[in-house]
Amino acid sequence: MAYEATLGDLLRSQGVSRRAFMKFCATTASIMALPAGAASAMAEALSAARRPSVIWLSFQECTGCTEALTRSHAPTIENLLFNFISLDYHHTLQAAAGDAAEHALKEAMQANKGEYLVLVDGSIPLLEYCSTVAGHSNKQILEDVCADAAAVINIGTCSAYGGIPMAKPNPTRAVATGDIIKDKPIINVPGCPPMPLAITGVIAQYLTMGKLPEVDHLGRPVAFFGENIHDRCYRRPFYDRGQFAETFDDEGARKGWCLYKLGCKAPVAYNACAHVKWNNGVSFPIQSGHGCIGCSEPGFWDMGGIYESVAKGNFGDGAKLGAAAVAGAALGAGAAVLARRRKSEVHHEEGAES
Amino acid sequence: MTLLDFARGPAIHASLIILAAGIVLRLVGVLALTRGADLSRPRDAFGNFKGYRTVFSRAWPSSEFNAATVYQTVMAYVFHIATLLVVIGIVPHIEFITSLTGASWPGLPNFIGVALGTIALVSLLALIVRRLSKPAIYNSTVGDYITWIIVALPLLTGLMAFAHVGFRYETMLALHILSAALLFAYMPFSKLMHAFWFIFSRAQSGLAYAHKGVRI
Amino acid sequence: MSATASTQIFPSFEQVYQGLASQIGMLREMAPQPTKSDEKRLQGAIDTLIADTNADEAVWLESCIHCGQCTNACHYFQSMQDAKYAPMRKMDLYRRVYHRELSPMRWWHRLVTKPVKLSDFEEAKELIYDSCTECGRCTMVCPMGIDTASLVHHMRSAMVAAELVPPELAALRMEQKHQGTVFGSSPEKLKEMIDTIQAQAGVHIPLDKETADVMVLSSAVDLVANGNGLLATAKIMNHLGVDWTICSDGFESANFGLLSGDMALWKKQADPIVAAAQRVKAKTVVIAECGHAYPALRWNPMLRSGELPFQMMYMSEFLGKQAKDGKLRLRPLDEKVTFHDPCKTGRRGGAFDEPRAVLEAMGADLVEMANNKEYNWCCGGGAGIFLLQDATKLRDESFKIKIREVNETGATAVVVSCASCRLNFESGRQKNHWDKRVESLVELTAAHLIDNEAIDDEAPARGAVQ
């Protein structure tokens, strides 16, 4: 490869105007709360950026994360950026197969030692036989590939926090990337799937700044996951007024009232859905009439059911309360019987004395 | 397991088990001691029955004590009513109760919930200020202060969670549920049991006095 | 003075009070010393509380929320403003014992609380005796309706077992227990007094009749100091023309078993009265104006009065009934008076209307105190406290509340119907140079009787309920 195309070249070849590119940079920079002037710096850097080597590992996943990025309605700048990266290895997307694929992986690792990015989707089973590629367990592949990586980006909740494979009863003993890889910078871009802008935003910042963005206590970029969906939700006024949809087909639902009672997890979910939205800013789940399921949160699948509201308790077995009351009654009666026996003994002694 | 999962799972579950067992244990353990018989002749044949009035009549102090008790009585009423309305009135609580019992009813708008919670907390503060400023009258024990704190915490954390201030919402919610769990588990072993005793205590005195023809 | 004839035969009540005060002073020297070991005294006290505690007591002990309202009702707290006199404090030791011995949580309490010591009971002595008349006013304000007075009474029983009864009550308890008398008021003294009344006032008292409709009790105060009390009673009974008697084997109203907390002695004292009344086939037993005798003989839950063939009535109750029936013919009392309900017959006895009916029959201008009937302020001398030297300051200070209450009515005299109240009022009157007269209901009634011979000249009886 004599000439490595820059991103600018690629965009031009795809007919994306300079104006549209600047708009993307400005949006990304502002969403990531970068300082003023960063947009043009980003445009500069991105235009000149060389294709970084990326190895995409897919473990216990559903391909939804890849789908979210690649199957957008229109050829967006996000997926163009995605196209730009040198995706040297991707189970689902790469043309090569079998030995050739594994060979490409080894080649990419050697050629870009210490510089390549590892993108992971899917969780890793500790019961290693549950998921293997080319005779190697997911855990082994992850450890091998990450050994010489510059950084790890977890795409989706499964690789970030274990996700659905880890949901109870977790038959494969699935864990997150961070549970295995401890010595590399890791950033989580959770979601089921994650927002495309969040993925490209993280990559864009890495390309322009040479470092991963600021993260919260769950390893997520604050720029995309720092806001509570409930706080940003356009239905919040209905919550404050106490106007709730009780079912999915009642008047409240038709009028667009708050979905809290229908199990919306927005109050405990942190993501950019409510303000960035999906499909080029068309909509997001709550806008389409379904509560947030909190997919960007660890263990979201076990948060008490998609249609159970945030406030609901998880009581396990309600009959235990009845049993507890019966046990209390038995103890109380026992205590009282012993106390009365004591009283009558004392009474006898007193009677004997006087 | 996150703090929130712990709070609304094992913590609240265990506290409710303690609450149910504790209340019944204490009520049965005391009431099964049974009342002593009063063999003396009542002043009038149906006099004793009138004693049950005291359960209700003692809900407000008689005029003789009005001036001295009005501050505390009013504050206590404000606290109890506001707290009760918050407990059964706001939507998250109704959802919680529904998940436990299946029963459901319409909730109050949130701004009213916040107002009631604030009123309850302020009245509780007004009561503790008085308790602190008049030590001779209250003879406060450590238990009195612990109880106050345990009652105030759910109100405070609830308001903070409700208004999305302080820690992140899920953390505040978890702390709120944990503080409620603490209240539930503490209740049967503390003076908060007056929620049940007042009926028996008033009735007993009412009956004992009505036996002599005295209305208290 | 409205009482005319009687003052000439017997000393005035002012002198009675002074004489009695010196006798009370001597009681302290006669007090018995503890005889049992400290361990036995402590165990006895705890066992007594265990035996006395039923669900009622347990619920009351469990119910207190330290709301402090009771302090508003207590005359001792209000006059001293000292934390230790808060009524709720008076059950603290009882509650500790209950928690450790009987409560359903006793295993826990035994782990976290220290065992109760005899010194704890010694410290509680002031709260249980000196600063509680068991008047029950705190129950009237308590949001939980806790009957602190009965809890204090059980504590007094425990104090008897712990041999911690105050010297004055202990001395009188021992006298009543071993000699059967109070201040030496023996059957001989009774006979002597009856003879004196017959000789000097010409009033006949039928002693020890075989049968009688009405059996009248007397009291030590009447026999050893205030002859006017018995004289007035006799005049009224004779005026009414009832078939009455006094039994020399059951005439003492005072019960130092009840006052000290010794319920065995209470029974020993109450039983002969019941037996005598049954023997003479009485229909009514009239208890002398001796407040605590009313709970001792009429309301004690252990006394099966429901099965007795006669009625126990307090003097004011009996007089009121006669007045309502139109049988008392009284000269008018043209004076503004107020009535002080003794705790034991009022709030804790229910005899409110009857004494007022008597005053109404005299046409008295009765002005109620701001706090009256169930809410009446205790005079501070009941439940034996009038006798306790250690309680002098408490008594004197708290009586000022009573002075204020009476003064506000504008009455010139306060009528009482209880020897303890009357002595305490007299004491307070003299110490404060108070310008109000203190009248006994029975003596006031006797002084206003219209002689039977003169009845024909008079209009129909006043105050009669037609």
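Below, chain A is the first sequence line, B the second, and so on; all start at residue 1.
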Structural part of [X] lying under 4.5 Å from a heavy atom of chain B:
X: A:Val337; value: neither
X: A:Tyr239; value: both
X: A:Ala329; value: both
X: A:Asp240; value: both

**Complete:** In short, B:Ser179 meets B:Pro154 closest at the heavy-atom pair OG-CA, 3.2 Å
**Fill in**
So the salt bridge (charged side-chain N to carboxylate O under 4.0 Å, His left out) pairs with at least one residue in residues 107-119 of chain B (sequence neighbours excluded) are none
**Asked** Given that the side chain runs from C-beta out, which part of B:Leu33 has a heavy atom under 4.5 Å from chain A: side chain, backbone, both or neither?
**Response** both
**Request:** Name the region of B:Leu31, side chain, backbone, both or neither, that has any atom closer than 4.5 Å to a heavy atom of chain A.
**Result:** neither
**Request:** Quick one: which of B:Gly113, B:Pro92, B:Gly107, B:Pro106 has the most heavy-atom pairs under 4.5 Å with chain A, could you say?
**Result:** B:Pro92
**Request:** Identify which of B:His93, B:Arg168, B:His164 forms the greatest number of heavy-atom pairs closer than 4.5 Å to chain A.
**Result:** B:Arg168
**Request:** Would you check, one step at a time, whether the test side chain to side chain contact (heavy atoms under 4.5 Å, CB included) holds for A:Ser309 with A:Leu262?
**Result:** CA-CA 6 Å; A:Ser309 69; A:Leu262 290 170; over 6 Å; no
**Item:** Cation-aromatic face contact A:Arg241/A:Phe238, 6.0 Å, 45 degrees
**Value:** yes
**Prompt:** Given the rule in the salt bridge (charged side-chain N to carboxylate O under 4.0 Å, His left out) test, do A:Glu246 and A:Lys261 qualify, once you have shown the distances and angles that lead to the verdict?
**Reply:** CA-CA 6 Å; A:Glu246 305 280 342; A:Lys261 284 182 156 183; 3.0 Å; yes
**Message:** Using side chain to side chain contact (heavy atoms under 4.5 Å, CB included), reason through A:Gln60 and A:Ile124 one step at a time and then give a plain yes or no.
**Reply:** CA-CA 6 Å; A:Gln60 295 192 122; A:Ile124 301 98; over 6 Å; no
